[in-house]
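Lettering follows sequence order; numbering is per chain, from 1.
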Amino acid sequence: MKKILSKSILAGVKSSVEKGLITSEAYSSSLKVYFEIPKEKKFGDLTTNIAFVLAPIAKMPPRKLAEIIIENIPAWPNDVDRVEIAGSGFINLFLKPRFWHKVLRQILAQPKEFCSPAVGRGRKVNIEFVSANPTGPLHVGHGRCAVVGDSLARILEKVGYRVTREYYINDAGRQMDILGRSVFLRYCQELGRDVPFPEDGYQGEYIRDIARDLIKERGDSILSMPEKEAISLLTKIAADVILHQIKADLTLFRIQFDQWFSEKSLYESRAVERAIRYLQKKGWIYEQDGALWMKTSEVGDEKDRVVVRSNGEPTYYASDIAYHRNKFQRRYARLIDIWGADHHGYVNRIRAVARAFSVSEERVSILLVQLVRLMRGDTPVNMSTRKATFTTLSEVIEEVGVDAARFFFLLRRFDTHLDFDLELAKKQSSENPVYYTQYAHARLCSIFREVEKRQLHLPDPDLSLLRNQEEIQLIQKLSLYPQVLIEVAESLEPHRLTFYLIELATLFHKYYNLYRIISEDGDLSSARLALASATQAIIADGLTLLGISTPAAM
RNA sequence: GCGCCCAUGGCUCAGUUGGAUAGAGCGACGGACUACGGAUCCGUAGGUCGGGGGUUCGAAUCCCUCUGGGCGCACCA
């Protein structure tokens, strides 16, 4: 519907240009007219700032420009009641209610199409997130990354991208050795050997659990193996056990991955070597002091970074180069990496890799998700990873539930610090925003149950009966839904959908308190139920994209 | 010391290519249906958008600077 209005305005610009009233630079085929729904009724139903956008190009005051444009609009659709120029150049459109009735009719006729604006055009997107080392359980910080990534993936898919959700498993390198050694030492201790446990070992109780399980399954047989072999075996076993647990936690959190990519496989396939050799040939990697360095300073890093140490051991960065090369080669239109904000020092390293492989920067987005501080009321919950006194993600989910946990993570922009209050998340009251939107959905369901119960036989809806301001406002809000999804896909900010849904629920709750949806008047009831049905469909669609359940009753 | 992120009512936060009088929720106070679910709704109070400078028709939004907080600065991952 808005397209028609947009066309009218563009035609006005074009016609003004043709008549020589404004300079020809003002019109181009890529020119886009954005409409907003103004906060205040007196500014109309839709408004556009096109005159402000064109003012610098046309070198003309916006007000004057607005006048010229609307005078030269060949024809308005007849749903337009009147047009006003306000302020210093806003073009405000006042529409007849039937414009909004048409919008609602469209939503009801093709709800699926309406909720799936096809802007992705089948392009491939890879979104890599969580990717926690398999050395310990997931914590709340991982949880936030997980939910942001998962909701983005759902939304990108919804708007027509082909999405691969990928988890990169750091199953190679020193941390793995330390893991294996930690398990080995706990295993020895559990069998009564008096061996010291190092500072840098993994202190968590889960290491002991793995050791105990090993004893149950294999007794002390591992002690008789050569130590190196034993540690290598335990590394593999421990990583498997922990990864298994991570997958279970993610499943519980309603998160599924399409691809689990092993770091080790990059070494086994010699992809790491090949990538390094390639970059050496291209001059991006050079040798100095016996080590190999990547020229990350070329993209603004403070200094170059080591890829292979002088002792011949590759660093983590080496496999990361090969990994990103691999992703580039899989021909995604877009790569998204989601990291905890504590990794921001690595952004330049990945940018360097992109540059080195001639991948344009817009194709690679790195989202830094700020860390989470877990609170219980006003007091922070102690979170020492080293001592493993932290609360795990699964404990949080168990305490507050999946819906509340996901909702809280999506309630703020991901680049702001988040205090996650366990007490608040648990509360089933108006303090807790989680239930507000779900309640709107449940309430809508209950209305339709009521229709069933009363066995009402209603006529086909005549939407022109929806004349109240609140009804028009509700339709206006519904009409924005696809635009919100597009905005989320462009900005990669899923919290916008969360806020939209809360606002939609607010409008519905207000409407519900003001008017009877089911009344003696069958015609009116039918029209209002149609509006209710569209509202329900969009709340349900949106909640699903956030990975939050849509209860029919609460 | 260097780099990245953040700063908006008492609290927690929105604010879409820079746009009209900066918006919600919570908390506080006062109210609402004999009717489709009161986990709801209505009203009141609360702001020099951290300070200062700049860019322009116009800045919470862009630039500079200062202050305060978070994080990162390894031949660790």
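Take A:Glu273 and apply the salt bridge (charged side-chain N to carboxylate O under 4.0 Å, His left out) test, not counting sequence neighbours, and it matches A:Arg270, A:Arg277. Residues forming a side-chain contact (heavy atoms from CB on, under 4.5 Å) with A:Arg516 (at least two apart in sequence, or on another chain): A:Arg454, A:Ser519. When the salt bridge (charged side-chain N to carboxylate O under 4.0 Å, His left out) test is applied to A:Arg528, the partners found at least two apart in sequence or on another chain are A:Glu471. By the salt bridge (charged side-chain N to carboxylate O under 4.0 Å, His left out) test, A:Glu302 is found to be paired with no residue, residues two or more places apart in sequence or in another chain being considered. In this view, A:Lys327 and A:Glu128, A:Asp337 satisfy the salt bridge (charged side-chain N to carboxylate O under 4.0 Å, His left out) rule, not counting sequence neighbours. Among residues two or more places apart in sequence or in another chain, the ring pair (Phe, Tyr, Trp, His ring centres under 6.0 Å) test is passed with A:Phe52 by A:Phe90.
Contact of the A:Val306 side chain with the A:Tyr317 side chain is not registered, since no non-hydrogen atoms from C-beta on lie closer than 4.5 Å. With contacts defined as side-chain heavy-atom distances shorter than 4.5 Å, the pair A:Arg351/A:Glu361 qualifies. A:Leu410 is listed as a side-chain neighbour of A:Val147, based on a closest heavy-atom distance under 4.5 Å.
Scanning atom types as modelled, no donor and acceptor separated by under 3.5 angstrom connect the side chain of A:His417 and the base of B:C6. Not a single donor-acceptor contact under 3.5 angstrom links the side-chain atoms of A:His343 to the base of B:G72.
Nucleic acid contact for A:Asp421: none, since no nucleic acid atom lies under 4.0 Å from a heavy atom of the residue. Nucleic acid contact class of A:Lys453 (heavy atoms, under 4.0 Å, all strands): none. A:Arg63 comes within contact range of no nucleotide atom at all, as no heavy-atom separation falls under 4.0 Å.
Judged by distance alone, the side chains of A:Tyr323 and A:Glu166 do bring a donor and an acceptor atom under 3.5 Å apart.
Between A:Ala172 and A:Ile502, it is A:Ile502 whose nearest contact on RNA chain B lies nearer the 5' terminus. In this structure, A:Ala291 and A:Gly345 both approach RNA chain B, and ranking their closest nucleotides by distance from the 5' end singles out A:Gly345.
In this structure, A:Arg82 forms a cation-pi arrangement with A:Phe94, its terminal cationic atom sitting closer than 6.0 Å to the ring centre and no more than 45° off the ring axis.
Taken together, the paired segments of RNA chain B that extend over three or more consecutive Watson-Crick or G-U pairs, each closer than 3.5 Å at both contacts, are B:1-7 with B:67-73, B:10-13 with B:23-26, B:28-32 with B:40-44, B:50-54 with B:62-66.
Contacts with RNA chain B (heavy atom under 4.0 Å) in residues 505-518 of chain A: A:His509, A:Lys510, A:Tyr512, A:Asn513, A:Tyr515, A:Arg516, A:Ile517, A:Ile518, listed by number. Taken residue by residue, residues 436-449 of chain A places heavy atoms nearer than 4.0 Å to RNA chain B at A:Tyr436, A:Tyr439, A:Ala442, A:Arg443, A:Ser446, A:Ile447.
Comparing B:C13, B:C6, B:G3 by their closest approach to the side chain of A:Glu302 singles out B:G3.
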Review item, side-chain donor-acceptor pairs of residues 529-538 of chain A, under 3.5 Å, at least two apart:
residue, atom, partner, partner atom, Å
A:Thr535, OG1, A:Leu531, O, 2.8

Could you tabulate the donor-acceptor pairs under 3.5 Å formed by side-chain atoms of residues 174-183 of chain A, not counting sequence neighbours?
residue, atom, partner, partner atom, Å
A:Gln175, OE1, A:Tyr202, OH, 2.6
A:Ser182, OG, A:Ile178, O, 2.7
A:Ser182, OG, A:Tyr202, N, 3.0

**OP:** If a protein heavy atom is under 4.0 Å from the base, mark B; if only from the sugar-phosphate, S; if neither, -; do that for nucleotides 15-22 of chain B going 5' to 3'.
**Re:** SBB-BBB-

